[in-house]
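A short worksheet on the structure shown next.
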Amino acid sequence: MPELPEVETVVRDLKPLLAQKKIGSVKILGKKLRRPWNPLWTKSLEKQTLNKIHRRGKWIILSMKSGVQLLIHLGMTGQLCVFDQQEALKSHTNLVFKLSPGNAELRFRDVRRFGSADVFDTEKELQDFFAKRKLGPEPFNLSQEYWLSSLAKSSRNLKAFLLDQQNIVGVGNIYADESLHKSRLHPSRLACSLKPYEAILLSNSIEEILNAAIKNRGSTIRNYVGGAGLMGGYQDEFKAYGRTGLPCMNCGNSIQKIVLAGRSSHFCPNCQPKKPSKR
DNA sequence: ATAGGCGCCTGCTGGC
DNA sequence: TGCCAGCAGGCGCCTA
């Protein structure tokens, strides 16, 4: 589900709600997530004081003062929200962290269970976990040198390239389509075929699209809600994603859908020609 | 090493 | 109205 803007919104929402809180009890419910919960993790987290909440790509990191790290990925349908203890548990709630002082609790709920929760005893172990996955750079203030060279080295199409978190983190199916539409690049163009001006246009577009989506608190198609339970608003701004057969906002031609990298890809055949435009 | 295909899950929608 | 195939925001494993 959630891509960088949604994850960023969850983090921003949770920040004030989790500030100065301590984790009381940890409850594990329902079926396992992508990976099963290790019972030792419960002990590692209980009585720990939260220090910082941030994200790396689409991963949410809750760091404890002791150095223990709780790492959450929302998968396709994950929701990480604070509720009052009195509020009824929604179906498919997997994890409940009581917070003290106060009557609130942090709940993780993931209908499809593609999400995950992991605990690391130290910052170093968390970094090793990320290193194994070879996460690429954040999309903001990308080094131009890095971007041009990694595009040039890749024989994949742009859609697959953008979805690969080793090249750039945080971009998923929606924002890949939106960024390609904004840069007027066909999703099946090969990464290595981009001229430098096209490559720069693409990275600028990614940044602009993601920033605009963050401003709108992300996009809600079905399940996504922020850390305080609110839906996103950027779904109303889509220019390509999900607009199959509807007129392109730039030129009026109808938006096409094809499958690339196993995912549906929406683009305007007129604005995003397969051949590079001359310049 | 790299890239492509598919499996993992559940719920909703659209077409018959 | 009812059924069911197809599809959905992501990752990770396997294979070639």
Side-chain angles (χ1 to χ4, degrees), chain A residues 1-10 29-36 55-60 71-80 90-94 108-118 129-136 139 149-181 187-193 206 209-210 213-214 216-226 231-245 257-266:
Chain A
M1 99 181 217
E3 306 179 27
L4 186 150
E6 292 74 31
V7 172
E8 177 66 26
T9 302
V10 168
L29 310 161
K31 304 182 197 168
K32 74 168 173 66
L33 295 163
R34 176 177 287 278
R35 290 177 284 281
R55 64 153 191 87
R56 170 81 174 96
K58 302 174 194 171
W59 298 87
I60 299 171
L71 178 67
I72 303 254
H73 197 293
L74 301 177
M76 293 274 257
T77 53
Q79 301 177 337
L80 188 63
K90 294 190 174 140
S91 63
H92 303 98
T93 299
N94 301 279
F108 182 55
R109 162 173 196 256
D110 184 3
V111 172
R112 282 174 73 186
R113 293 157 47 216
F114 289 171
S116 62
D118 299 275
F129 178 92
F130 284 149
K132 224 183 295 167
R133 267 144 250 258
K134 302 195 182 107
L135 291 189
S149 79
S150 54
L151 280 163
K153 275 187 285 197
S154 172
S155 60
R156 311 175 80 178
N157 62 55
L158 288 174
K159 184 60 181 279
F161 182 89
L162 292 179
L163 292 180
D164 187 342
Q165 304 296 297
Q166 297 190 15
N167 296 320
I168 183 170
V169 296
V171 178
N173 207 34
I174 292 176
Y175 300 110
D177 282 5
E178 292 299 309
S179 303
L180 288 168
H181 183 265
S188 60
R189 281 277 302 278
L190 295 187
C192 56
S193 79
I206 292 170
I209 292 279
L210 293 177
I214 291 169
N216 284 268
R217 304 181 39 81
S219 309
T220 296
I221 308 292
R222 282 198 172 84
N223 303 281
Y224 167 75
V225 291
M231 285 173 46
Y234 193 72
Q235 63 281 0
D236 300 330
E237 309 296 321
F238 292 164
K239 293 200 158 64
Y241 181 83
R243 293 182 45 81
T244 314
K257 178 162 98 167
I258 57 173
V259 174
L260 284 173
R263 322 291 305 278
S264 60
S265 301
H266 312 75

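Here is the naming used below: chain letters follow the sequence lines, and residue numbers restart at 1 for every chain.
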If you check every side-chain atom of [X], which of [options] has the closest atom?
X        : options               : result
A:Lys58  : B:dG11, C:dG9, C:dC11 : C:dC11
A:Ser154 : B:dA3, C:dG9, B:dC9   : B:dA3
A:Ile174 : B:dC9, C:dG9, C:dG12  : C:dG9

For [N] and [X] - does any side-chain N or O of the residue sit under 4.0 Å from the phosphate oxygens OP1/OP2?
X        : N      : value
A:Thr77  : C:dA8  : no
A:Ser116 : C:dC11 : no
A:Arg263 : C:dG10 : yes
A:Gln165 : C:dC11 : yes
A:Tyr241 : C:dG9  : yes
A:His92  : B:dT10 : no
A:Lys32  : B:dC8  : no

- First of A:Arg112 and A:Arg133 reached from the 5' end of DNA chain C, by closest nucleotide: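 Closest to the 5' end, via its nearest nucleotide, is A:Arg112.
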
- Item | Face-to-face stacking of A:Tyr224 with C:dG9, centres under 5.5 angstrom, angle under 30° |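 Whether judged by distance or by angle, A:Tyr224 falls short somewhere, so it does not stack on the base of C:dG9.
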
- Compare the ring of A:Phe114 with the six-membered ring in the base of B:dC9 and state whether they stack (centres under 5.5 Å, planes under 30°).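 Stacking is absent between B:dC9 and A:Phe114, given that the ring centres and planes do not meet under 5.5 Å and under 30°.
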
- Euclidean distance, A:Leu158 CG relative to A:Ser188 OG, rounded to 0.5 Å: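 These two atoms lie 8.0 Å from each other.
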
- Query: So how far is it from A:Phe108 CZ to A:Gln79 CD, rounded to the nearest 0.5 Å?
  - Reply: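 Answer rounded to 0.5 Å: 9.0 Å.
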
- Could you walk me through whether A:Arg35 and A:Ser116 pass side-chain hydrogen bond (donor to acceptor under 3.5 Å, both in side chains), step by step? CA-CA 6 Å; A:Arg35 290 177 284 281; A:Ser116 62; 3.2 Å; yes

- Task: Report yes if the side chains of A:Cys192 and A:Leu151 come closer than 4.5 Å at any heavy-atom pair, otherwise no.
- Result: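 No. Closest side-chain heavy atoms not under 4.5 Å.
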
- Report yes if the side chains of A:Arg34 and A:His73 come closer than 4.5 Å at any heavy-atom pair, otherwise no.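 With C-beta onward as the side chain, the pair stays apart.
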
- Message: Taking only the C1' atom of each, what is the distance from B:dC6 to C:dG6 in whole angstrom?
- Response: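 Result for the C1' pair: 16 Å, nearest Å.
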
- Distance between the P atoms of C:dG9 and B:dA3, in whole angstroms?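 Their P atoms lie roughly 22 Å apart.
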
- Task: Please figure out whether A:Arg156 or A:Arg222 has its closest DNA chain B nucleotide nearer the 5' end.
- Result: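 The residue whose closest nucleotide sits nearer the 5' end is A:Arg156.
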
- DNA chain B: 5'-proximal contact among A:Arg113 and A:Ala261 (nearest heavy atom):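 Mapping each residue to its closest nucleotide by heavy atoms, the 5'-most match is A:Ala261.
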
- Query: So does A:Lys159 pair up with A:Asp177, basic N to acidic O under 4.0 Å?
  - Reply: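 A:Asp177 and A:Lys159: salt-bridged.
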
What's the [atom1]-[atom2] distance between [X] and [N], to the nearest Å?
X        : N      : atom1 : atom2 : result
A:Asp164 : C:dC11 : CG    : P     : 10 Å
A:Ile221 : B:dT10 : CD1   : C1'   : 18 Å
A:Arg109 : B:dC9  : CZ    : C1'   : 14 Å
A:Arg35  : C:dG10 : CZ    : C1'   : 12 Å
A:Arg34  : B:dT10 : CZ    : C1'   : 14 Å
A:Gln79  : B:dT10 : CD    : P     : 16 Å
A:Asp110 : C:dC11 : CG    : C1'   : 12 Å
A:Asn157 : B:dG4  : CG    : P     : 7 Å

- Query: Which part of the nucleic acid does A:Gly172 contact within heavy-atom distance under 4.0 Å: base, sugar-phosphate only, or nothing?
  - Reply: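 Result for A:Gly172 = sugar-phosphate.
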
- Any idea how A:Tyr175 and A:Tyr234 line up, ring-wise: parallel (<30°), tilted (30 to 60°), or perpendicular (>60°)?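 Because their plane-to-plane angle lies in the 30° to 60° range, the rings of A:Tyr175 and A:Tyr234 count as tilted.
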
- Query: Should B:dG14 form a Watson-Crick or G-U wobble pair with both distances under 3.5 Å, which nucleotide is its partner?
  - Reply: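 Across any shown strand, B:dG14 pairs with C:dC4.
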
- Message: Could you tell me the Watson-Crick or G-U partner of B:dC9, where both distances fall under 3.5 Å? Say none if there is no partner.
- Response: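 Pair assignment: B:dC9 / none.
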
